[in-house]
Amino acid sequence: MGIPLTNVDKPSLERFMAQGFEALGLTAEDAKIFADALIFSELRFHPGHGQGVRRLRRYQERIAEKLVDPSAPWEIVKQSPALALVDAHNGIGTVAAAKAMKLAIDKAKVCGIGQVIVRNSTHYGSSAVHACQAMEAGCVGIAYTNAGPEMAPWGAREGAVGTNPWGIAAPTNLGFPAVMDFALTTAGKGMMLWHSREGKKMPLDWALTPDGEITDDPDAAMKGALLGIGEYKGYGLAFMTDVLTGVIGGGGFGLTPYADQAKLDVSHSLTAVDIEWFMPLETFKARMGEFSAMVKSRQTRPGFSEVLIPGEQEARRVAKKSVGGVPLDDEVLADLQALGKELGLSAEIAVLGPYQDQRL
């Protein structure tokens with residue numbers, strides 16, 4: 001592995017992040033929501049995905065430039081017993097989505113299902129964060145968002161729809177939840193940058209050059225449009241995600257999100273399905289265990305040693321990092337430490353030592 005990483009203590013990182021967001025003007029409640037979300041992503045995902053703690057610096061810059069409002073009102077524009085439309089007023093997208101999912105959960109406990117659409121928002125982070133919020137409340141959680149137009153429609157060479165990630169989470173009796181979380185592009189530019197830094201080629205189904213040619217050169221791909229998962233199928237899913245968020249919610253869609261850095265105009269959808277409306281929660285968990293056993297019982301193909309259910313690999317990462325330390329890119333760690341000094345934070349990130357493992 002060519003990019004040096006350093007293990008840091010998880011509790012110290014949590015304290016540092018929460019204190020950092022408070023220093024940027026977030027309330028203590030909102031700072032904890034945002035810090036917990038970024039730690040969640042840092043534990044679950046490959047650091048090249050870019051959804052973790054490195055975003056503290058990005059938000060420090062955006063708040064300083066008044067491109068996002070950390071104290072923006074969270075307004076319920078319209079609601080019924082099962083539905084709500086929320087305006088985030090260009091506030092912190094992760095916080096707006098978390099509050100929206102809380103509202104969706106409350107509605108699900110009354111109606112069996114709750115759905116909240118958020119408009120006029122900003123980047124909301126990992127979809128799994130919000131889906132798992134519902135899962136922890138005894139619901140099936142569904143979260144998706146639109147994004148900037150980085151994906152080329154099938155047959156085009158320019159972007160028109162976003163990575164538009166989805167997350168679905170359900171509880172199990174396995175000691176970890178089943179969680180699907182992925183963008184509708186084959187990969188994002190964060191992973192392309194990671195490959196570039198490692199001096200490696202990337203798969204040919206990730207992105208196009210600006211001329212519309214497929215490429216395995218991550219540097220060329222960084223200048224072009226992304227490709228959808230399953231070719232035209234990923235594009236179709238991304239198109240319909242815009243319909244289910246920005247179009248129906250009265251927010252941005254297609255070329256609109258991220259067109260103006262001072263108003264990203266992102267829209268999200270947060271849904272909670274109350275499991276107890278259908279059956280006792282423990283019965284559902286047992287059935288999920290049975291289903292998982294069926295899937296994992298199948299014979300493996302050459303090159304594979306086991307079958308995993310969605311979220312199982314990430315659960316192993318969380319367990320490992322929670323005990324042995326959270327590996328951070330050395331560049332990210334140095335920047336966070338510098339930012340801590342700039343903000344005058346008393347919390348410090350405790351360094352445990354170099355990351356030695358060969359896998360992330």
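Scope of the values below: all heavy atoms of this structure, side chains included, with no hydrogens, waters or symmetry mates. Here the structure is a predicted model, which is why all the values come from computation and not from measurement.
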**Q** Can you name the ring pair (Phe, Tyr, Trp, His ring centres under 6.0 Å) partners of H195, sequence neighbours left out?
**A**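 Scan of H195 (ring pair (Phe, Tyr, Trp, His ring centres under 6.0 Å), adjacent residues dropped) gives W206.
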**Q** Closer than 3.5 angstrom, by distance alone: can the side chain of K296 be matched with the main-chain N or O of V307 as a donor-acceptor pair?
**A**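 It does hold such a pair.
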**Q** For residues S196 and D219, is any side-chain donor paired with an opposing acceptor at under 3.5 Å?
**A**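 Yes, because at least one side-chain N or O of S196 sits under 3.5 Å from a partner of the opposite role on D219.
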**Q** Taking E42 for its side chain and V53 for its backbone only, find out whether a donor-acceptor pair lies under 3.5 Å.
**A**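 Side chain of E42 to backbone of V53: a pair is present.
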**Q** If only atom types and distance count, is the side chain of K99 paired as donor or acceptor with the main-chain N or O of T94 below 3.5 Å?
**A**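 The answer is no, because no donor-acceptor pair under 3.5 Å joins these two groups.
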**Q** Report the residues that fulfil salt bridge (charged side-chain N to carboxylate O under 4.0 Å, His left out) with R197, sequence neighbours left out, ordered by chain and then residue number.
**A**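 Counting only residues at least two positions away or on another chain, R197 forms a salt bridge (charged side-chain N to carboxylate O under 4.0 Å, His left out) with D329, E331.
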**Q** For F21, enumerate each residue passing the ring pair (Phe, Tyr, Trp, His ring centres under 6.0 Å) test, keeping only those at least two apart in sequence or located in another chain.
**A**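 For F21, the residues satisfying ring pair (Phe, Tyr, Trp, His ring centres under 6.0 Å) (neighbours in sequence not counted) are F34.
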**Q** Side chains of residues 253-260: which donor-acceptor pairs under 3.5 Å do they make with residues two or more places apart or in other chains?
**A**
residue: T256; atom: OG1; partner: F253; partner atom: O; Å: 3.2
residue: D260; atom: OD1; partner: A262; partner atom: N; Å: 2.9

**Q** Taking T300 for the side chain and E306 for the main chain, is one N or O donor matched with an acceptor at less than 3.5 Å?
**A**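 Judged by distance alone, no pair lies under 3.5 Å.
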**Q** For A88 and V118, work out which heavy atoms get closest and say how close.
**A**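 The answer is CB-CG1, 3.9 Å.
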**Q** State, with a plain yes or no, whether a side-chain heavy atom of L193 is found less than 4.5 Å away from one of P218.
**A**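 Counting from C-beta outward, L193 and P218 never come under 4.5 Å.
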**Q** How far does CZ of R44 sit from CZ of R317, to the nearest 0.5 angstrom?
**A**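 One finds 9.0 Å between CZ of R44 and CZ of R317.
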**Q** List for me each residue that meets ring pair (Phe, Tyr, Trp, His ring centres under 6.0 Å) alongside W166, sequence neighbours excluded, and say none if there are none.
**A**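 Partners of W166 under the ring pair (Phe, Tyr, Trp, His ring centres under 6.0 Å) test: Y144.
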**Q** Can you measure from OG1 (T215) to CE (M202) and round to the nearest 0.5 angstrom?
**A**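 Result: 5.5 Å between the selected atoms.
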**Q** Identify the two heavy atoms, one from K189 and one from G224, that lie closest to each other, and give their separation to 0.1 Å.
**A**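 Closest heavy-atom pair between K189 and G224: NZ-O, 3.1 Å.
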**Q** Regarding E150 and T185, do their side chains bring together a donor and an acceptor under 3.5 Å, going by distance alone?
**A**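 Checked: E150/T185 side chains show no N/O donor-acceptor pair below 3.5 Å.
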**Q** When you look at T145 and T245, which way does the side-chain contact (heavy atoms from CB on, under 4.5 Å) test go after all the steps?
**A** CA-CA 7 Å; T145 183; T245 54; 5.6 Å; no
**Q** Over all heavy atoms of both residues, which pair between L103 and A84 is shortest? Give the atoms and the distance, please.
**A**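 Minimum heavy-atom contact is CD2-CB, 3.7 Å.
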**Q** When hydrophobic residues are tied together by side-chain contacts of less than 4.5 Å, even through go-betweens, does L345 share a cluster with L333?
**A**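 Result: yes, single cluster for both.
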**Q** Under the side chain to side chain donor-acceptor pair (under 3.5 Å) rule, what pairs show up with a residue in residues 62-73, not counting sequence neighbours?
**A**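 Listed once each, the pairs are R62-Q261, D69-S71.
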**Q** Determine, using the 4.5 Å side-chain heavy-atom cutoff (strictly less than), whether L343 and L336 are members of one ILVMFWY cluster.
**A**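 Linked, L343 and L336 end up in one cluster.
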**Q** Checking S12 side chain against A350 main chain: does a donor-acceptor pair fall under 3.5 Å?
**A**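 Judged by distance alone, yes, a pair lies under 3.5 Å.
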**Q** Using a 3.5 Å cut-off and no angle test, enumerate the donor-acceptor pairs between side-chain atoms of residues 176-183 and protein atoms at least two apart in sequence or in another chain.
**A**
residue: D181; atom: OD2; partner: S126; partner atom: OG; Å: 3.1
residue: D181; atom: OD2; partner: S127; partner atom: N; Å: 3.3
residue: D181; atom: OD2; partner: A128; partner atom: N; Å: 2.4

**Q** Membership question, hydrophobic clusters at under 4.5 Å side-chain separation (ILVMFWY): are I142 and V243 in the same one?
**A**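 Cluster IDs for V243 and I142 match.
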**Q** Side chains of Q115 and K107: is there a donor and an acceptor less than 3.5 Å apart?
**A**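 No - no donor-acceptor pair under 3.5 Å links their side chains.
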**Q** Can E75 and R119 be counted as an ion pair, charged N to O under 4.0 angstrom?
**A**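 Salt bridge between E75 and R119, a charged N being under 4.0 Å from a carboxylate O: no.
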**Q** Between V332 and L38, is there a shared hydrophobic cluster once you connect ILVMFWY residues whose side-chain heavy atoms come closer than 4.5 Å?
**A**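 Result: yes, single cluster for both.
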**Q** Can you establish whether the number of heavy atoms outside K109 located under 6.0 Å from its atom NZ is more than 12?
**A**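 Counting neighbours around NZ of K109, more than 12 heavy atoms of other residues, nucleotides or ligands fall under 6.0 Å, so yes.
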**Q** Could you give the distance from CZ (R54) to CG (L339), rounded to the nearest 0.5 Å?
**A**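 Rounded to the nearest 0.5 Å, the CZ-CG separation comes out at 14.0 Å.
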**Q** Sequence neighbours excluded, which residues qualify as side-chain contact (heavy atoms from CB on, under 4.5 Å) partners of A338?
**A**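 Residues passing side-chain contact (heavy atoms from CB on, under 4.5 Å) with A338: R57, E342.
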**Q** Among residues at least two apart in sequence or on other chains, which ones pass side-chain contact (heavy atoms from CB on, under 4.5 Å) with A97?
**A**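 A97 satisfies side-chain contact (heavy atoms from CB on, under 4.5 Å) with Y124, H130, H268, L270 only.
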**Q** Distance from T6 atom OG1 to D330 atom CG, nearest 0.5 Å?
**A**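 CG of D330 is found 3.5 Å from OG1 of T6.
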**Q** Evaluate the side-chain contact (heavy atoms from CB on, under 4.5 Å) criterion for residues I349 and R15: first the C-alpha distance (whole Å), next the side-chain angles of each, then the deciding distance (0.1 Å), finally the verdict.
**A** CA-CA 8 Å; I349 302 171; R15 289 190 294 271; over 6 Å; no
**Q** Identify every side-chain donor-acceptor pair in residues 279-295 under 3.5 Å, counting partners at least two apart or on other chains, and give the distances.
**A**
residue: S292; atom: OG; partner: M288; partner atom: O; Å: 2.8

**Q** Test K223 against D211 for side-chain contact (heavy atoms from CB on, under 4.5 Å), laying out the working first.
**A** CA-CA 10 Å; K223 302 172 185 175; D211 293 332; over 6 Å; no
**Q** Side chains of N164 and N146: is there a donor and an acceptor less than 3.5 Å apart?
**A**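 N164 vs N146: no donor-acceptor pair found between side chains.
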**Q** What distance separates F40 CZ from Q133 CD, expressed to the nearest 0.5 Å?
**A**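 Reported to 0.5 Å precision, the distance equals 10.5 Å.
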**Q** Can you name the closest pair of heavy atoms from A18 and A31 and give their distance?
**A**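 Result for this residue pair: O-CB, 3.6 Å.
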**Q** Any side-chain to backbone donor/acceptor pair from K10 onto G325? Under 3.5 Å, distance only.
**A**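 No, because the side chain of K10 does not come within donor-acceptor range (under 3.5 Å) of the backbone of G325.
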**Q** Do L85 and I76 come close enough that some side-chain heavy atom pair is under 4.5 Å?
**A**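 Not touching, per the 4.5 Å side-chain cut-off.
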**Q** Mark yes when over 12 heavy atoms from residues, nucleotides or ligands other than E348 sit less than 6.0 Å from its CD; otherwise mark no.
**A**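 No.
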**Q** Identify the two heavy atoms, one from A98 and one from I33, that lie closest to each other, and give their separation to 0.1 Å.
**A**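 Looks like CB-CG2, 3.6 Å.
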**Q** Distance-only, no hydrogens or angles: does the H123 side chain make a donor-acceptor pair with backbone N or O of G125 under 3.5 Å?
**A**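 Judged by distance alone, yes, a pair lies under 3.5 Å.
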**Q** Are any of the side-chain heavy atoms of V140 and M135 separated by less than 4.5 Å?
**A**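 Result no, sub-4.5 Å side-chain heavy-atom pair not found.
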**Q** Check whether more than 12 heavy atoms from other residues, nucleotides or ligands sit under 6.0 Å from atom CD of E61, and answer yes or no.
**A**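 Counting other residues, nucleotides and ligands, CD of E61 exceeds 12 neighbours.
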**Q** Can you name the side-chain contact (heavy atoms from CB on, under 4.5 Å) partners of K201, sequence neighbours left out?
**A**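 Residues passing side-chain contact (heavy atoms from CB on, under 4.5 Å) with K201: D216.
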**Q** To the nearest 0.5 angstrom, please state how far the CG atom of D205 sits from the OG1 atom of T186.
**A**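 So the CG of D205 and the OG1 of T186 are separated by 4.5 Å.
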**Q** In this structure, would L328 and L352 fall into the same cluster of hydrophobic residues linked by side-chain contacts under 4.5 Å?
**A**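 They do not share one cluster, since no chain of ILVMFWY contacts under 4.5 Å joins L328 to L352.
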**Q** Flag yes if more than 12 heavy atoms outside Y59 fall under 6.0 Å of its OH atom; otherwise flag no.
**A**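 For Y59, atom OH is crowded (more than 12 foreign heavy atoms under 6.0 Å).
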**Q** What heavy-atom pair brings A221 and A207 nearest, and what distance separates the two atoms?
**A**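 Looking at all heavy atoms of both residues, the shortest contact is CB-CB, 3.7 Å.
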**Q** Would one find more than 12 heavy atoms of other residues, nucleotides or ligands at under 6.0 Å from atom CG of L174?
**A**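 For L174, atom CG is crowded (more than 12 foreign heavy atoms under 6.0 Å).
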**Q** What residues form a side-chain contact (heavy atoms from CB on, under 4.5 Å) with L227, not counting sequence neighbours?
**A**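 If we apply the side-chain contact (heavy atoms from CB on, under 4.5 Å) test to L227, skipping adjacent residues, the hits are L208.
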**Q** Would you confirm whether E312, through its side chain, and I309, through its main-chain N or O, come within 3.5 Å as a donor-acceptor pair?
**A**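 Yes: the side chain of E312 pairs with the backbone of I309.
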**Q** Quick one, L13 and D9 - any side-chain contact, counting heavy atoms below 4.5 Å?
**A**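 The answer is no; the side chains never approach within 4.5 Å.
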**Q** Is the backbone of A96 close enough, under 3.5 Å, to the side chain of W74 for a donor and an acceptor to pair up by distance?
**A**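 Between the backbone of A96 and the side chain of W74 there is a qualifying donor-acceptor contact (under 3.5 Å).
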